[in-house]
Number of protein chains: 2
Amino acid sequence: MHFNNLINSIKERREMLKVTQETLAELSGVGLRTLKQFESGKGNPTAETLNKLGDALGMELTFQVKKTKPE
Amino acid sequence: MHFNNLINSIKERREMLKVTQETLAELSGVGLRTLKQFESGKGNPTAETLNKLGDALGMELTFQVKKTKPE
DNA sequence: TTTAATAGTGCATTATAATGCACTATTATC
DNA sequence: GATAATAGTGCATTATAATGCACTATTAAA
């Protein structure tokens, strides 16, 4: 199971903000190992972990109804 | 830690589609106990669980940059 | 208010997420 | 190509998510 969209969102946002994994780990309260794992496409993070990362990056996790035809 | 936005999205969508927890559990491949736990506000689901539920309901999990001032 | 359907809980087990530590790999700077 | 900074991996441990089963609670229909 892949979460590439989530991974990319976090990774892009982190890089846009010029923040290292180490700093994001500290800011978010998520373990560095956990963040590394997540960003390298491994693992299956919990909602709590995703939320923590999102909070630190000014993002939020949401469900959206899929469009039948993407515009 | 609360995920009320995620919980409500799933719950509302499920009810809108007139689907029971039991049916959604079957459709999504998520254990009924797990779904019950999630919808009743307990637990800390993994991205995989959230994705499975989303898939079955035609929704997707996304990160969005928070607006400074909600409009 | 009985009955049936659906939703929520307690308990126990198994699978695995989160974590730290030490290491390697990659990338950028000199 | 040495050095330093950042990113990724292997391994072991601990915490907890996912699950089934049996039960209770709530809600809707008769």
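The structure presented is a predicted model; accordingly, all values stated were derived computationally and were not measured. Convention: sequence-line order gives letters A, B, ...; per-chain numbering from 1.
- Residues forming a salt bridge (Lys or Arg N to Asp or Glu O under 4.0 Å) with A:Glu60 (at least two apart in sequence, or on another chain): none.
- Taken residue by residue, residues 16-33 of chain B places heavy atoms nearer than 4.0 Å to DNA chain C at B:Thr20, B:Gln21, B:Arg33.
- Every residue was checked against the salt bridge (Lys or Arg N to Asp or Glu O under 4.0 Å) condition with A:Lys42, not counting sequence neighbours, and none meets it.
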Within the sub-3.5 Å range, which N or O atoms of nucleotides 14-17 of chain C have a protein N or O partner, and how far apart are they?
from, atom 1, to, atom 2, distance (Å)
C:dA17, OP1, A:Asn44, ND2, 3.3

(request) Start with the C-alpha distance between A:Arg14 and A:Gln21, add both sets of side-chain angles, then the distance that settles side-chain contact (heavy atoms from CB on, under 4.5 Å), and finish with yes or no. (result) CA-CA 8 Å; A:Arg14 179 178 66 75; A:Gln21 290 180 343; 3.7 Å; yes
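- Two end axes, each from the C1' atoms of five base pairs, can be drawn for the helix from C:dT1-D:dA30 to C:dC30-D:dG1; they diverge by 60°, to 10 degrees.
- Considering only side-chain N and O atoms, B:Lys42 lies nowhere under 4.0 angstrom from the phosphate OP1 or OP2 of D:dA18.
- Counting all heavy atoms, side chain and backbone alike, B:Leu61 lies closest to A:Asn5 at O-ND2, 3.0 Å.
- Scanning for side-chain hydrogen bond (donor to acceptor under 3.5 Å, both in side chains) contacts around B:Thr46 gives A:Asn44, B:Thr49, with sequence neighbours left out.
- For the pair A:Lys11 and D:dG8, the criterion of a side-chain N or O lying under 4.0 Å from OP1 or OP2 is met.
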Which pairs, protein N/O on one side and nucleotides 28-30 of chain C N/O on the other, fall under 3.5 Å?
none

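- The distance between atom CD of A:Glu39 and atom P of D:dT6, rounded to the nearest whole Å, is 14 Å.
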(request) Using the side-chain contact (heavy atoms from CB on, under 4.5 Å) rule, take B:Phe63 and A:Leu50 through it: C-alpha gap first, then chi angles, then the decisive distance, then the call. (result) CA-CA 9 Å; B:Phe63 264 120; A:Leu50 294 173; 4.0 Å; yes
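- For B:Asn8, the side-chain contact (heavy atoms from CB on, under 4.5 Å) partners at least two apart in sequence or on another chain are B:Asn4, B:Glu12.
- Between the CG atom of B:Leu35 and the C1' atom of D:dT19 there is a distance of 13 Å, rounded to whole Å.
- Across the protein-nucleic acid pair, B:Lys36 atom NZ and C:dA5 atom P stand 15 Å apart, rounded to whole Å.
- Here the straight-line distance linking atom CD of A:Glu39 with atom CD1 of A:Ile10 works out to 7.5 Å at 0.5 Å rounding.
- In this structure B:Gln64 satisfies the side-chain contact (heavy atoms from CB on, under 4.5 Å) test together with A:Thr62, A:Gln64, B:Thr62, sequence neighbours excluded.
- By the salt bridge (Lys or Arg N to Asp or Glu O under 4.0 Å) test, B:Arg13 pairs with no residue at all, sequence neighbours left out.
- Closest of all the heavy-atom pairs between A:Asn51 and B:His2 is ND2-O, 4.1 Å.
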N/O donor-acceptor pairs under 3.5 Å from side chains in residues 25-33 of chain B, not counting sequence neighbours:
from, atom 1, to, atom 2, distance (Å)
B:Ser28, OG, B:Leu24, O, 2.7
B:Ser28, OG, B:Ala25, O, 3.3
B:Ser28, OG, B:Val30, N, 3.2
B:Arg33, NH1, B:Gln37, OE1, 2.9

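- Smallest separation of non-hydrogen atoms from A:Phe3 and A:Gly43: CE1-O, 3.7 Å.
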